[in-house]
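First the structure, in the form of structure tokens, and then the observations on it.
Model, not experiment: these values are computed from the prediction. We count residues from 1, following the sequence as given.
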Amino acid sequence: MVAFLGDNLKKNRYKFAIGILLAASLSGSEISWLPQGSIFPALYLDPAAGQQSISILSYEVEGETQQLMYVPISLSMRQQFLRSVQAGGQQWELGMEFTIYSQFSIVDAGDAFMGGLQNADYRISSIFHYQHTLTTLYKVSLFHQSSHLGDDYIIRNLVVTPTLRTQNYEQLDLTWYKKLTGLNLYGVAGYNVSPNTVRKRLLLQFGGDWIHLLPKNPGLALLAGVDIKLYEHYDYVPNIRIGAGVEFARGTPTPVKILLNYYQGQLPYSTLENQKVRLIGLGLIFDFPRNIE
């Protein structure tokens with residue numbers, strides 16, 4: 001009986017300590033349940049960003065001569081469960097995010113152009129955002145991702161053997177984000193935490209974007225930026241995406257970006273990730289409803 005009570009006391013001690021820490025973090029705070037928007041901006045030049053987007057791109061694969069058109073589409077849902085605004089202006093939020101990255105390809109079959117679903121990636125993430133100051137934010141995310149060839153691609157290419165599973169894994173990411181005057185910078189360190197994986201572990205990512213406001217048109221802004229990813233899986237050879245364009249409806253919860261962008265590196269999606277590609281074209285990005293700056 002004494003041993004039983006002792007075990008319960010030990011278990012309850014940890015629960016009590018967690019409760020004390022949680023209460024301390026919430027004391028003197030303004031708490032919101034299921035709040036709208038997010039305090040953390042989207043890394044919109046990251047091909048894996050959780051956002052609504054569609055791009056029409058030329059698709060050049062290293063070592064192949066066939067010209068393709070590539071249409072990646074991302075559809076995403078994000079919801080914060082809890083937001084705490086501290087007395088000193090600091091705040092944090094806890095939520096989740098789910099994104100589908102569908103990729104369509106269009107090829108010249110001789111008599112006609114043929115298109116179809118090439119692949120679809122699925123990612124679900126738990127996310128924690130922390131705003132330390134008005135200009136410095138942090139993000140911690142843990143996600144599961146899986147990737148699947150589309151039926152159209154399998155039938156057209158007579159695929160009869162299993163495809164690579166390097167895009168099926170779990171990863172923990174830590175992101176640092178800094179707002180400067182007319183410039184935003186970020187850095188990401190990611191680690192593949194899947195216990196049994198065919199993918200090497202480490203990811204390093206960094207980038208930034210430049211913003212030029214138009215005084216006569218406050219709803220418009222010129223944008224330019226770069227995103228660079230270095231995967232241990234590909235010996236840290238950089239995957240680079242560069243973009244420039246215009247943002248409309250700036251200052252509202254749902255701005256729209258039109259970007260001319262260029263990508264070079266491993267195909268950023270799908271079980272065909274081992275392809276080295278160049279992607280050039282236009283992209284349209286609809287931002288999530290988020291807190292107006």
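With Y44 as the aromatic partner, K257 meets the cation-pi criteria of under 6.0 angstrom to the ring centre and within 45 degrees of the ring axis.
In this structure the side chain of H144 never reaches within 4.5 angstrom of the side chain of R123, judged on heavy atoms. For the pair Q52 and L75, the minimum side-chain heavy-atom distance is below 4.5 Å. Contact annotation: the side chain of Y263 never approaches that of L57 to less than 4.5 Å [non-hydrogen atoms, C-beta and beyond]. Annotation: side chain of V140 is in contact with side chain of L172 (closest heavy-atom distance under 4.5 Å). Counting heavy atoms from C-beta on, the side chains of V71 and I54 come closer than 4.5 Å. Inter-residue side-chain proximity for V246 and L222 is flagged as met; some heavy-atom pair is nearer than 4.5 Å. A heavy-atom distance below 4.5 Å is found between the side chains of L43 and Y177. No side-chain heavy atom of E247 sits under 4.5 Å from any side-chain heavy atom of L220.
Across every non-hydrogen atom of E97 and G50, the tightest pair is OE2-CA, 3.7 Å. Minimum heavy-atom separation, G37 to Q80: O-CG, 3.4 Å. What you find for K179 and P41 is that their closest heavy atoms are CE-CG, 4.2 Å. Nearest heavy-atom pair, S55 versus G283, reported as atom, atom and distance to 0.1 Å: OG-CA, 3.5 Å. Here the closest heavy-atom approach between residue G225 and residue L45 is recorded as C-CD1, 3.1 Å. Closest non-hydrogen pair, S105 versus R156, comes out as OG-NH1, 3.7 Å.
Within 6.0 Å of CG on L183 lie more than 12 heavy atoms contributed by other residues, nucleotides or ligands. Counting heavy-atom neighbours within 6.0 Å of N157 CG, excluding the residue itself, gives a total above 12.
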Open item on the list: side chain to side chain donor-acceptor pair (under 3.5 Å) for Y130 and E93? Distances and angles first, verdict last.
Closed with: CA-CA 7 Å; Y130 174 64; E93 59 189 15; over 6 Å; no
TODO: Take V226 and I228 through the test side-chain contact (heavy atoms from CB on, under 4.5 Å) and record every step on the way to the result.
DONE: CA-CA 7 Å; V226 62; I228 301 173; 4.0 Å; yes
- [ ] Start with the C-alpha distance between H129 and L137, add both sets of side-chain angles, then the distance that settles side-chain contact (heavy atoms from CB on, under 4.5 Å), and finish with yes or no.
- [x] CA-CA 7 Å; H129 299 151; L137 299 95; over 6 Å; no
Open item on the list: If you apply the rule side chain to side chain donor-acceptor pair (under 3.5 Å), what do you find for Q264 with Y262, and how did you get there?
Closed with: CA-CA 7 Å; Q264 178 174 312; Y262 170 84; 2.4 Å; yes
TODO: Applying salt bridge (Lys or Arg N to Asp or Glu O under 4.0 Å), run through R241 and D46 and close with a yes or a no.
DONE: CA-CA 8 Å; R241 187 184 185 193; D46 180 357; over 6 Å; no
Open item on the list: Quick one, R199 with E170, criterion salt bridge (Lys or Arg N to Asp or Glu O under 4.0 Å). Give me CA distance, side-chain angles, the key distance, then yes/no.
Closed with: CA-CA 10 Å; R199 186 181 188 86; E170 290 76 36; over 6 Å; no
TODO: Show your working on side-chain contact (heavy atoms from CB on, under 4.5 Å) between Q90 and Q131 and close with a plain yes or no.
DONE: CA-CA 6 Å; Q90 299 175 342; Q131 181 174 308; over 6 Å; no
- [ ] List the steps, then state whether side-chain contact (heavy atoms from CB on, under 4.5 Å) holds for L259 with I285.
- [x] CA-CA 8 Å; L259 298 175; I285 299 171; 3.8 Å; yes
Open item on the list: Assess the residue pair Q51 and S76 against the criterion (side chain to side chain donor-acceptor pair (under 3.5 Å)); give the C-alpha distance rounded to whole Å, side-chain angles, the decisive distance to 0.1 Å, and a yes or no.
Closed with: CA-CA 5 Å; Q51 58 192 3; S76 191; over 6 Å; no
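Using a distance-only test at 3.5 Å, with no hydrogens or angles considered, a donor-acceptor pair links the side chain of N192 to the main chain of S194. Side-chain N or O atoms of S32 include none that pairs as donor or acceptor with a backbone N or O of P35 at under 3.5 Å. D209 places no side-chain N or O within 3.5 Å of a backbone atom of A224 that could act as its donor or acceptor partner. Checked by atom type and distance alone, the side chain of S125 never pairs as donor or acceptor with a backbone atom of I127 at under 3.5 Å. The closest donor-acceptor contact from the side chain of N261 to the backbone of G243 lies at 3.5 Å or more, if one exists at all. Looking at R78, its side chain never comes within 3.5 Å of a backbone N or O of S38 through a donor-acceptor pair. A donor-acceptor pair under 3.5 Å is formed between the side chain of T252 and the backbone N or O of A249.
Between the side chains of T271 and H148, no donor-acceptor pair is found at a separation under 3.5 Å. In this structure, a donor-acceptor pair under 3.5 Å is absent between the side chains of Q118 and D152. No side-chain donor from either of Q205 and Y231 sits under 3.5 Å from a side-chain acceptor of the other. Side-chain contact, Y269 with Q167: no donor N or O sits under 3.5 Å from an acceptor N or O. Inspection of the S53 and S74 side chains reveals an N or O donor paired with an N or O acceptor under 3.5 Å. Defined by atom type and a distance below 3.5 Å, a donor-acceptor pair is missing between the side-chain atoms of Q145 and S147.
I31 contributes atom CD1, which lies 3.5 Å from atom OG of S84 (distance to the nearest 0.5 angstrom). A distance of 15.0 Å separates CD1 of I280 from CD1 of I56, quoted to the nearest 0.5 Å. Atom-to-atom distance recorded for F128:CZ and F40:CZ is 12.0 Å, nearest 0.5 angstrom. The CG atom of L282 sits 5.5 Å away from atom CG of L260, with the distance rounded to the nearest 0.5 Å. For the atom pair CG of L174 and CG of L142, the computed distance is 12.5 Å after rounding to the nearest 0.5 Å. Summarising the geometry, atom OG1 belonging to T166 is positioned 7.5 Å from atom CG belonging to N274; distances are rounded to the nearest 0.5 Å.
Note: the hydrophobic cluster containing Y169 does not contain F98 (ILVMFWY, side chain heavy atoms under 4.5 Å, direct or indirect links). Hydrophobic clustering, with ILVMFWY side chains joined whenever heavy atoms are under 4.5 angstrom apart, groups V256 together with L214. Residues V193 and L203 do not share a hydrophobic cluster, defined by chaining ILVMFWY side chains whose heavy atoms lie under 4.5 Å apart. When hydrophobic clusters are built by joining Ile, Leu, Val, Met, Phe, Trp and Tyr residues whose side-chain heavy atoms come closer than 4.5 Å, directly or via intermediates, L180 is grouped together with Y138. By the rule that hydrophobic residues join a cluster once side-chain heavy atoms approach within less than 4.5 Å of another member, M77 and L34 end up as members of one cluster.
For K200 and E232, the salt-bridge test fails: no basic side-chain N is under 4.0 Å from an acidic carboxylate O.
In this structure, the ring of F206 has its center no less than 6.0 angstrom from the ring center of Y186.
Using bins of under 30°, 30° to 60° and over 60° for the plane-to-plane angle, the ring pair H212/W210 lands in the parallel bin.
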